[in-house]
Amino acid sequence: MDRTIWWDHQADRIGLVDQTLLPGRYEATACAAIDELVEAIQVLRVRGAPALGVAGAYGVALAARTITADDLEEYVSRVREASNRVRSARPTAVNLAWGVDRALESIGDAGDADEVRARTLAAAERLAEEDLVMCRALGAHGAALIPDGATVLTHCNAGALACVGWGTALGVVRSAVEAGKRVNVIACETRPLLQGARLTAYELQRDGIPVTVCPDSAAAHLMHEGGIDVVIVGADRICRDAVFNKVGTYMHAITAHHHGIPFYVAAPSSTLDPDLPGAGIEIEERGRDEVACYGGTSTVPAGVPVRNPAFDLTPLDLVTAVITEKGVFSDPTALFP
Ligand code: MRU
């Protein structure tokens, strides 16, 4: 699978796979202005924590190219201002802020705007390369946990489409398959935006990995039937006491715990947030129509309010182990040395 997000050196702008069009169309789109990038992040053309980290870093490089000012101080201050708009486009995935901050740090003592442009793009390109390396490494660590012939339940899309490539939860599956194991994936459809049905199913089918889609509400029944060996999900932020991931993750963790099924979280270190406890994290609340409309038809009576939290908080004591590029951590305190 090609990269999900990249820098288009010819046109000097960001290129990305427009995930709102999948599974019908696999098509690239471009972001040549900060407004376009913020919109792409907010409507989920680019999504998934690691991909958002790289989008944030490329956003700084884009800001450095689209902004002009009379003197260097003013120029850098405007680049920071534009970058902060990207940084706050979505609140929950810590990687977005992390990517913006890494690229901004690279400005350092740059002597002119050309140097700022060169440094920020080099920093963003480095993060994109690192993302691929980290996903490969965590995939290899996680693959050892997957029994041959296992059925793995996952939620949302923590695959190549959520990263620059390979994936986190699906990276573990890919690495297990690469190691010669037979793996079946159950992809929960992931209401309301269907990242599991549209994206996880798309990319696994494309790679020839067996995948079956089920409604989110069927997961407990499938676990009760005895057909699920392992649950693996990605993460948008891992605090000292909790994991944030796509809404629905918490119910899978509780259900897996009840049935004695291992529940793994796979994420690169850029998803760790040592600074705040889970209670301090903003969970993105998205618009009404995502829940109240289906295929253009209203499914909730007008005037009835809707809740649409995009993520939920799973306490770390429900997590069997966290898999990062550094290894498998069954003791979460070891994640934050
Ligand atoms: O709203 P999304 O599609 O950006 O949510 C994505 C998720 O919740 C993923 O599971 C998470 O970012 C991990 S991606 C490797």
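Model, not experiment: these values are computed from the prediction. Both ligands and their constituent atoms are indexed starting at 1 by order of listing.
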- Item | His155, any N or O under 3.5 Å of ligand 1 N or O | no

- Query: Which of the atoms in ligand 1, numbered in the order shown and given with their element, are less than 4.0 Å from a heavy-atom of Gln195?
  - Reply: 1 (O), 2 (P), 3 (O)

- Cationic N near anionic O, under 4.0 Å, Arg240 to Asp273: no

- ligand 1 to Ala162, heavy atom cutoff 4.0 Å, flagged ligand atoms 14 (S), 15 (C)

- Atom indices of ligand 1 within 4.0 angstrom of Lys246 heavy atoms, with elements: 1 (O), 2 (P), 5 (O), 8 (O)

- Message: I'd like to know whether NZ of Lys326 has more than 12 heavy-atom contacts from other residues, nucleotides or ligands below 6.0 angstrom.
- Response: no

- Task: Identify, with sequence neighbours excluded, every residue that meets salt bridge (charged side-chain N to carboxylate O under 4.0 Å, His left out) alongside Asp229.
- Result: none

- For ligand 1, which atoms sit closer than 4.0 Å to a heavy atom of Ala49? 12 (O), 14 (S)

- Item | ligand 1 atoms in contact with Ala158 (distance to a heavy atom under 4.0 Å) | 14 (S), 15 (C)

- Message: Which heavy atom of Val54 sits nearest to which heavy atom of Val164, and what is that distance?
- Response: CG2-CG2, 3.7 Å

- Arg90 neighbourhood, listing ligand 1 atoms whose heavy-atom distance to it stays under 4.0 Å: 1 (O), 2 (P), 4 (O)

- Message: Counting non-hydrogen protein atoms only, what is the nearest one to atom 3 (O) of ligand 1? Give residue, atom name and distance.
- Response: Arg47 NE, 2.5 Å

- What protein heavy atom sits nearest atom 15 (C) of ligand 1, and how far off is it? Thr168 OG1, 3.1 Å

- When you check the gap from the basic side-chain N to the acidic O, do Glu178 and Arg174 get nearer than 4.0 Å? no

- Any Lys/Arg nitrogen of Glu130 or Arg126 sitting under 4.0 Å from an Asp/Glu carboxylate oxygen of the other? no

- Task: Run through the side-chain heavy atoms of Ile, Leu, Val, Met, Phe, Trp and Tyr, join any pair under 4.5 Å, and report what else lands in Tyr250's cluster.
- Result: Ile254, Leu318

- Message: Quick check: Gly48 and ligand 1, any N/O pair under 3.5 Å apart?
- Response: yes

- Is the closest N or O pair between Asp236 and ligand 1 shorter than 3.5 Å? yes

- Which of the numbered atoms in ligand 1 are below 4.0 angstrom from a heavy atom of Pro50? 14 (S), 15 (C)

- Query: Would you say Asp70 has more than 12 foreign heavy atoms packed within less than 6.0 Å of its CG?
  - Reply: no

- Query: For the residue pair Arg237 and Thr92, what are the closest heavy atoms and their distance?
  - Reply: NE-O, 2.9 Å

- Message: Quick test: of every protein heavy atom, which one is nearest to atom 10 (O) of ligand 1, and how far off is it to 0.1 Å?
- Response: Asn245 OD1, 2.6 Å

